[in-house]
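Treat the numbers as computed from the prediction; the structure is a model and nothing was measured. By convention in this document, chain letters (A, B, ...) are assigned in the order of the sequence lines, proteins followed by strands, and residues within each chain are numbered from 1.
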Amino acid sequence: MKIATWNVNSLRVRLPHVLDWVVDNQPEILCLQETKMVNEDFPEAEIRQAGYNVVYSGQKTYNGVAILSRMHARDVFAGIPGNDDPQRRVMAATVGKVRVVNVYVPNGQEVGSEKYRYKLDWLVKLEEYIQTELGEHQELALLGDFNIAPTDRDVHDPVLWRGKVLCSEPERKALQALVDVGLNDSFRKFEQEPESFTWWDYRAAAFRRNRGLRIDHILCSDSLYTRCLACHVDKGPRKLERPSDHAPVMAEFEG
DNA sequence: ATGGTGGCGCGGCCA
C-alpha cells in the first residue's frame with residue numbers, strides 16, 4: 001500500500017500532471033495541497049475517471065486540500081475541530097484501517113511577522129488535534145506540506161537559511177513537538193541520497209542547481225511506521241513543463 | 001546580483 005503527498009500549486013494547472021502521476025504510480029492514497037479552487041470547480045469527474053475517489057476542501061485563490069483514494073474514504077473531516085478558520089488547510093479521512101490527516105501548514109512568510117505567529121499558533125492547535133486522533137487511531141499518517149525543514153541536512157545551504165522562515169528554531173521545535181506526540185518521519189527510516197529535497201523555488205534556476213528544502217513529510221504513528229517499507233521523493237514531475245514547485249513524496253507500507 | 005518566477009486575476013498578494 002502506497003501513500004503520497006503533493007503540493008500541486010493550483011490543481012487547475014496541474015491536473016494533467018496529477019492524473020498521469022497516479023496512473024503511473026498507483027498510490028492507494030494521494031493527499032494534495034494548494035489546490036487553489038472552490039469546491040464547485042473541483043475536477044471530480046476527471047479524477048474519478050482515473051479510478052480514484054476524492055474528497056476536498058477548497059477556497060478561492062489560496063490553500064485548498066484534497067484526498068484521493070482507491071477505496072472509499074470515511075469519517076471525513078475538514079479543518080481542525082473547534083478551530084474556526086476560513087483557511088482550508090486540513091482534511092482528515094479514514095481509508096481502510098489507516099487514518100490520514102492531510103495538512104498544508106502556513107508558510108509563515110517571515111520570522112517575526114504576523115503570519116509567522118499564525119503559523120506557530122496553528123502548529124500548537126494541530127498538535128492538540130493529532131494527540132486526540134492518535135488516541136483513536138493506531139494507524140495514522142500525518143502528511144503534507146509542513147513548510148518546515150526539520151534539520152540542516154534538509155537544506156541546500158544551511159548557513160544561508162539559518163534562522164530564516166521554514167528553518168527557524170521555533171518552527172523546528174514546533175515540528176519536533178508534533179513528532180513527540182507519537183509520530184515518526186518515514187523518509188528518515190531509510191538511507192537517502194544526500195541533498196534530497198521536496199521543494200525548489202521557481203526563481204534563479206533553483207531546481208536545476210538542486211537548491212531546495214525538504215519541507216513535505218509523511219509522518220507515521222508507531223504501528224504504521226513499523227510497516228513502512230520505503231519512502232522516496234519523485235523529482236520526475238518537477239522536470240515537466242509548467243511544474244509545481246514541489247515534488248511528490250511517497251511511502252510504501254506492508255499490507 | 002538585495003533580484004529572480006509562478007498562480008491568481010487584472011493590481012497586488014502570496015509563496
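- Distance A:Tyr118 OH to B:dC14 P: 12 Å, rounded to the nearest Å.
- Residue A:Tyr104 is in sugar-phosphate contact alone, with no base atom involved, counting any heavy-atom pair closer than 4.0 Å across all strands shown.
- Contact annotation: A:Thr61 side-chain N/O to B:dC14 OP1/OP2 distance is not under 4.0 Å.
- Using a cutoff of 4.0 Å between basic side-chain nitrogens and carboxylate oxygens, A:Asp154 and A:Arg188 are scored as salt-bridged.
- Note: A:His246 and A:Trp199 have tilted aromatic rings, judged against thresholds of 30 and 60 degrees for the angle between ring planes.
- Relative to the side chain of A:Glu34, the nucleotides B:dC8, B:dA15, B:dG7 differ in distance, and B:dA15 lies closest.
- Rounded to whole Å, the distance from CE on A:Met37 to P on B:dG7 is 13 Å.
- With respect to A:Arg214 and A:Asp185, a salt bridge is recorded, a charged nitrogen being found less than 4.0 Å from a carboxylate O.
- A:Lys119 places its NZ atom 11 Å from the C1' atom of B:dA15, with the value rounded to the nearest Å.
- Atom CZ in A:Phe146 sits about 18 Å away from atom C1' in B:dA15, given to the nearest Å.
- A salt bridge is absent between A:Asp245 and A:Arg238; no separation between the charged side-chain nitrogens and carboxylate oxygens falls under 4.0 Å.
- Summarising the geometry, the separation between OH on A:Tyr62 and P on B:dC8 is reported as 11 Å, rounded to the nearest angstrom.
- Taking atom C1' in both B:dG9 and B:dC14, the straight-line distance is 13 Å, to the nearest Å.
- In this entry the distance linking CD of A:Gln59 with C1' of B:dC8 reads 13 Å, nearest Å.
- Rounded to whole Å, atom P of B:dG7 lies 10 Å from atom NE2 of A:His17.
- To the nearest angstrom, P of B:dA15 lies 22 Å from CZ of A:Arg211.
- Using C1' as the reference atom, B:dC10 and B:dG6 are 15 Å apart when rounded to the nearest Å.
- For the pair A:Lys60 and B:dC8, the criterion of a side-chain N or O lying under 4.0 Å from OP1 or OP2 is not met.
- Across the C1' atoms, B:dG4 and B:dA15 are found 14 Å apart, a figure rounded to whole Å.
- A:Val111 and A:Leu213 fall within a single hydrophobic cluster, where Ile, Leu, Val, Met, Phe, Trp and Tyr are joined by side-chain heavy atoms under 4.5 Å apart, directly or via other members.
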Give me the distances for all protein-to-nucleotides 1-6 of chain B N/O pairs that come in under 3.5 Å?
unit_1, atom_1, unit_2, atom_2, d
B:dG4, O6, A:Arg203, NH1, 3.4

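- Ion pairing of A:Asp201 with A:Arg211 is absent here, as no side-chain N (NZ or NE/NH1/NH2) approaches a carboxylate O to less than 4.0 Å.
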Stepwise salt bridge (charged side-chain N to carboxylate O under 4.0 Å, His left out) check, A:Arg99 with A:Glu139: CA-CA 6 Å; A:Arg99 185 64 170 170; A:Glu139 305 206 350; over 6 Å; no

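- Positionally, the nearest nucleotide of DNA chain B for A:Arg12 lies more toward the 5' end than for the other of A:Arg12 and A:Gly108.
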